[in-house]
2 protein chains.
Amino acid sequence: MGTTKKYQQPNMADVTLSTAMQVLADPCRLAIVRTMLEQPDHEFACNEFELDLSKATISHHFEALRDAGLIQTRVDGRRCLSSLRRESFEARFPGLLDLVTNEPGS
Amino acid sequence: MGTTKKYQQPNMADVTLSTAMQVLADPCRLAIVRTMLEQPDHEFACNEFELDLSKATISHHFEALRDAGLIQTRVDGRRCLSSLRRESFEARFPGLLDLVTNEPGS
DNA sequence: TTAATTGTTCGATTTTGATCGAACTTATTC
DNA sequence: GAATAAGTTCGATCAAAATCGAACAATTAA
């Protein structure tokens, strides 16, 4: 029983610059976002990233990205597909994603 | 005796995006940078900021800003005058300082 | 209906970062 | 030369963030 998890996402206006900086300060999250930027039309499951981290930690990073307005997530069967909120995030913080795109992959 | 402190500053090419994000994630440092952006031709001593923090903590924040390439510091008598490395930082991370300028002061 | 898959949540640990007071250094001022 | 002023450095403390393993829930596959 119980309902399927609902993924909340913040209003972009409520995301502070400090929060945006904070979430992009972590190299793992930066790598996730960079990968997503490289395949704009792809929805990513958590396990599609080559991160040497436990499931729990990866889940935690995705939550941080969601809370900062960077990604949105939907349930698909037993997977959770995430994608960038590219346009809204770009509108809120113009040019920020470009910096990620241009930064040489770690 | 001993020599007067030399303030080192990194080559801007060596500053990673992750480091830049990290240093701008802190609200106090963000406030410092915002204030500096508002008075581009002013050199700031540490005590010119209305921060409710101890000298030690403020000194630590300035060091973080220096290490991330955001500011440069020179000794003037018994004061240390800091100013933004605006052009070089802007060249390394185009648009990033604009985000700070446009973010409503906390 | 039992496995396996995919992720979340919990509790604990470890690491990192922010913060402070006190002692110190250097330079100025008295 | 003593007192003051501006920062730095040190050591300690406290809070936040990253990390993991284990238990759990939901879904699909066997």
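Reminder, nothing fancy here: chain letters follow the sequence lines and each chain counts from 1.
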Visitor: Please report, rounded to the nearest Å, how far the P atom of C:dT26 is from the NZ atom of B:K6.
Guide: 14 Å
Visitor: With the sugar-phosphate defined as primed atoms, P, OP1 and OP2, and the base as all remaining atoms, what B/S/- string results for nucleotides 5-13 of chain C, 5' to 3', for protein heavy atoms under 4.0 Å?
Guide: BBBBB----
Visitor: Are the aromatic rings of A:F49 and A:F62 close, with centres under 6.0 Å apart?
Guide: yes
Visitor: Which glycosidic conformation, syn or anti, is assigned to C:dA3 if syn requires a torsion within 90° of zero?
Guide: syn
Visitor: Which one is paired to D:dA23, where only Watson-Crick or G-U wobble pairs with both distances under 3.5 angstrom count?
Guide: C:dT8
Visitor: Could you check how far CG of B:L30 sits from P of C:dA18, rounded to whole Å?
Guide: 13 Å
Visitor: Could you tell me how far apart A:Q22 (CD) and C:dT16 (P) are, to the nearest whole angstrom?
Guide: 15 Å
Visitor: Run A:H42 and A:E48 through side chain to side chain contact (heavy atoms under 4.5 Å, CB included) and show every step you take.
Guide: CA-CA 11 Å; A:H42 186 61; A:E48 294 187 55; 2.9 Å; yes
Visitor: Rounded to whole Å, please give me the gap between CG in B:L65 and P in C:dA18.
Guide: 10 Å
Visitor: Which base, if any, makes a Watson-Crick or G-U wobble pair with C:dA3, both distances under 3.5 Å?
Guide: none
Visitor: Check whether any side-chain heavy atom of A:T16 sits under 4.5 Å from a side-chain heavy atom of A:M21, and report yes or no.
Guide: no
Visitor: Going by atom types alone, do B:T73 and B:R66 pair a side-chain donor with an acceptor below 3.5 Å?
Guide: yes
Visitor: Does D:dT19 have OP1 or OP2 sitting under 4.0 Å from an N or O in the side chain of A:H61?
Guide: yes
Visitor: Whole angstrom is fine here: how far is it from CG in B:D76 over to P in D:dG7?
Guide: 10 Å
Visitor: Where each residue is assigned the nucleotide of DNA chain D containing its nearest heavy atom, which of A:D26 and A:V75 is assigned the position nearer the 5′ end?
Guide: A:D26
Visitor: Determine the minimum heavy-atom distance between A:R29 and A:A64, stating which atoms define it.
Guide: NH1-CB, 3.7 Å
Visitor: Would you kindly give the CG-to-P distance between B:L53 and C:dG17, to the nearest whole Å?
Guide: 17 Å
Visitor: Would you tell me if any nitrogen or oxygen in the side chain of A:S54 comes within less than 4.0 Å of OP1 or OP2 on D:dG21?
Guide: no
Visitor: Start with the C-alpha gap between A:I71 and A:M36, add the side-chain angles, then the distance that decides, and say whether side chain to side chain contact (heavy atoms under 4.5 Å, CB included) holds.
Guide: CA-CA 10 Å; A:I71 65 172; A:M36 286 182 161; 3.8 Å; yes
Visitor: Please report the distance, rounded to the nearest Å, between CD1 in B:I32 and C1' in C:dA18.
Guide: 13 Å
Visitor: In the structure I gave you, are the side-chain heavy atoms of A:R79 and A:L81 within less than 4.5 Å of one another anywhere?
Guide: yes
